[in-house]
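Just the heavy atoms: all of them, side chains too, but no hydrogens, waters or symmetry mates, feed the values below.
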Amino acid sequence: MCGIAGILHRDGRPASITTLTAMTDIIAHRGPDGEGHYCNGPVGLGHRRLSIIDLTDASRQPMETRDGRFVLTYNGEIYNFKELKVELSAKGHVFNSSGDSEVLLHAFAEWGIDALLKFNGMFAFAIWDNRERKLTLARDRFGVKPLYYAELGQTFVFASEHKAFRAFSEYKPRVDIAGLSEYLSFQNFFGERTLFAGVKLLPAGCYLQISQDSRAVEPVQYWDFHFEEPEYAVDENEATDELDRLFRQAVNRQLVSDVEVGCYLSGGMDSGSITALASSQLPFMRTFTVGFDLNSASGVELGYDERTKAEHMSYLFKTEHYEMVLKAGDMERVHCPGLHGIWKSRGSASPTPISTRRNSHRNSARWS
């Protein structure tokens, strides 16, 4: 997880490095390993880095192409970046880093917006084209990585979290009643709407391009689900083998990292299946579970705590298991990003192990 933010003054005013820094400071929790800022005339791009692939300064952002035409700020991972790097190298592109950020930047320089269809990954990024004077925002096919934007008078702003807009005095947070109704009804948003009036969420599988003279800001969909019946009957065993192949491929792609890899483990089928495959590639990997204080719980609420099931899975897959318990009031005091996907550690402090009994489970299983 990284944090991105940016400014485009459509009236031509120069972007303020002070304001841009204030934006990235607000979302500093998304990227404690480094920061970078780029200002050129009316545009400003900011980045907070969480180092996962290529921990060196060669992957520092915002990142520019050699000719200075394109500038990138990016949050996410392109799982097929190594394959794309080979393809781009054959076209004459030269790389200075071993990370995926530079591959994304060169892919956009080579193929433009069509590069989006080549990416297999989760991402939210912004690219400024100094020649065309155009800003492009894009989000991955499933909308894993967030990207919010708003128009504050003549200023277009974007960020990984809407709270970064508080850096502008023009931004006055107000509840969007229609957005609140949609969220309470469906526990989700199905378009651009958010809980905040005037703040939009770039939809999954969409991109947006804006220049200083753009009169409207409209997302363009570059990908959507396409369901159709197969042309021939599929044997059950054949379908099972194909599902197994695709699932293993998806998990293995996400294990690419220059830091330690761990997994969220809820005790359910989805995270349990991912942990089973990941732990077969990375012995004694760390797993993490969030539980709830059951002292005040009753009835159906008791079923939301899956620590016992997660601990049993940890025993089966021989992981080093950790858990944290959320109590009433914790959400008010602690910023808690969405718990999603495979977790990659940077060596920072970890939650307290659930018990020494967990380690004894692991060791006995290891030597049995």
Side-chain angles (χ1 to χ4, degrees), residues 1-4 27 30-31 50 52-53 72-84 100-101 103-104 107-108 111 113-127 136-149 158-162 179 182-183 186-195 199-209 218-228 242-257 261-266 268-275 277-278 336-344:
M1 179 175 70
C2 295
I4 66 174
I27 57 173
R30 300 184 65 91
L50 181 71
I52 299 295
I53 300 175
L72 167 73
T73 183
Y74 153 64
N75 168 34
E77 287 187 66
I78 304 299
Y79 304 132
N80 62 332
F81 79 96
K82 292 184 177 180
E83 296 96 314
L84 291 175
D100 58 332
S101 302
V103 174
L104 188 158
F108 191 90
W111 296 301
I113 207 67
D114 290 338
L116 292 171
L117 295 175
K118 291 179 172 286
F119 296 150
N120 182 324
M122 53 179 184
F123 55 83
F125 68 79
I127 289 182
T136 299
L137 307 184
R139 197 167 175 221
D140 62 77
R141 300 180 184 189
F142 289 90
V144 177
K145 294 300 181 182
L147 189 53
Y148 296 87
Y149 67 94
F158 67 88
S160 297
E161 299 182 29
H162 61 81
E182 181 176 325
Y183 187 81
F186 305 106
Q187 297 184 19
N188 212 329
F189 295 107
F190 298 102
E192 294 183 275
R193 197 180 294 279
T194 69
L195 290 175
V199 176
K200 296 181 179 180
L201 180 65
L202 184 63
C206 289
Y207 70 87
L208 181 155
Q209 292 185 313
E218 295 294 338
V220 178
Q221 187 175 54
Y222 68 87
W223 183 87
D224 197 3
F225 296 95
H226 180 62
F227 299 105
E228 62 180 17
E242 179 64 2
L243 175 60
D244 179 74
R245 183 189 71 82
L246 292 173
F247 188 44
R248 290 179 182 276
Q249 180 187 75
V251 172
N252 289 337
R253 276 177 167 170
Q254 295 200 38
L255 297 179
V256 177
S257 174
V261 176
C263 230
Y264 289 118
L265 180 58
S266 69
M269 181 181 293
D270 50 358
S271 65
S273 300
I274 292 172
T275 300
L277 291 183
C336 185
L339 306 180
H340 178 85
I342 290 179
W343 180 85
K344 299 183 180 181

Q.
Within this structure, what is the CZ-CZ distance for the pair Arg141 and Phe123, rounded to the nearest 0.5 Å?
A. 7.5 Å

(Q) For the backbone of Ile78 and the side chain of Arg253, can you confirm whether one donor and one acceptor N or O come within less than 3.5 Å of each other? (A) no

Q | Within 6.0 Å of CD in Gln221, more than 12 heavy atoms from elsewhere | A | yes

Q) Is there a side-chain contact between Leu116 and Phe125 (heavy atoms, below 4.5 Å)? A) yes

Q | Flag side-chain contact, heavy atom, 4.5 Å: Phe119 against Leu104 | A | yes

(Q) Side chains of Val256 and Tyr79, heavy atoms from C-beta outward: is any pair under 4.5 Å? (A) no

Q. Do Arg30 side-chain atoms and Cys2 backbone N/O form a donor-acceptor pair below 3.5 Å?
A. yes

(Q) Among Leu265, Asp270, Val251, exactly one meets side-chain contact (heavy atoms from CB on, under 4.5 Å) together with Thr275. Which residue is that? (A) Leu265

Q. Heavy-atom distance under 4.5 Å between the side chains of Leu117 and Trp111, does that happen here?
A. no

Q | Tyr207-Trp223 aromatic ring centre distance below 6.0 Å | A | no

Q. Yes or no on side chain to side chain contact (heavy atoms under 4.5 Å, CB included) for Glu77 and Ile52, after CA distance, side-chain angles and deciding distance?
A. CA-CA 9 Å; Glu77 287 187 66; Ile52 299 295; 4.3 Å; yes

Q: Drop me the distance from Gln254's CD to Met122's CE, to the nearest 0.5 angstrom.
A: 5.5 Å

**Q.** Minimum side-chain heavy-atom gap Cys206-Arg139 below 4.5 Å
**A.** no

(Q) For Phe158 and Leu202: C-alpha separation, side-chain torsions, deciding distance, then whether side chain to side chain contact (heavy atoms under 4.5 Å, CB included) applies. (A) CA-CA 10 Å; Phe158 67 88; Leu202 184 63; over 6 Å; no

Q.
Measuring from atom CG of Leu208 to atom NZ of Lys200, what distance do you get when rounded to the nearest 0.5 angstrom?
A. 9.0 Å

Q.
Tell me whether the count of non-hydrogen atoms from other residues, nucleotides or ligands lying under 6.0 Å of OH in Tyr183 goes above 12.
A. no

Q. Any donor and acceptor pair, going by atom type alone, linking the side chain of Asn120 with main-chain N or O of Asn80 inside 3.5 Å?
A. no

Q | Gap between atom CE of Met1 and atom CD1 of Ile27 - 0.5 Å precision | A | 9.5 Å

Q) Going through the distances and angles, do Leu195 and Phe189 end up as a side chain to side chain contact (heavy atoms under 4.5 Å, CB included)? A) CA-CA 9 Å; Leu195 290 175; Phe189 295 107; 3.7 Å; yes

Q) Would a 4.5 Å heavy-atom cut-off, applied to side chains only, mark Leu147 and Ile4 as touching? A) yes

Q: Give, for atom CD1 of Ile53 and atom CZ of Phe81, the distance between the pair rounded to the nearest 0.5 Å.
A: 4.5 Å

Q.
Are the side chains of Arg248 and Asp244 in contact, using a 4.5 Å heavy-atom criterion?
A. yes

Q | Test item: Ser271 side-chain N/O and Ser266 main-chain N/O as donor-acceptor pair under 3.5 Å | A | yes

(Q) Looking only at the aromatic ring of each residue, does the gap between the centers of Phe225 and Phe142 stay below 6.0 angstrom? (A) yes

Q) To the nearest 0.5 Å, how far apart are CD1 in Ile113 and OH in Tyr222? A) 8.5 Å

Q) Looking only at atom types and distance, does a side-chain atom of Glu182 sit under 3.5 Å from a main-chain N or O of Phe190, one as donor and one as acceptor? A) yes

Q | Thr136 (side chain) donor-acceptor with Gln209 (main chain) under 3.5 angstrom | A | no

Q: Work out which heavy atom in Ala204 is nearest to a heavy atom in Gly143; give both atom names and the distance.
A: CB-N, 3.3 Å

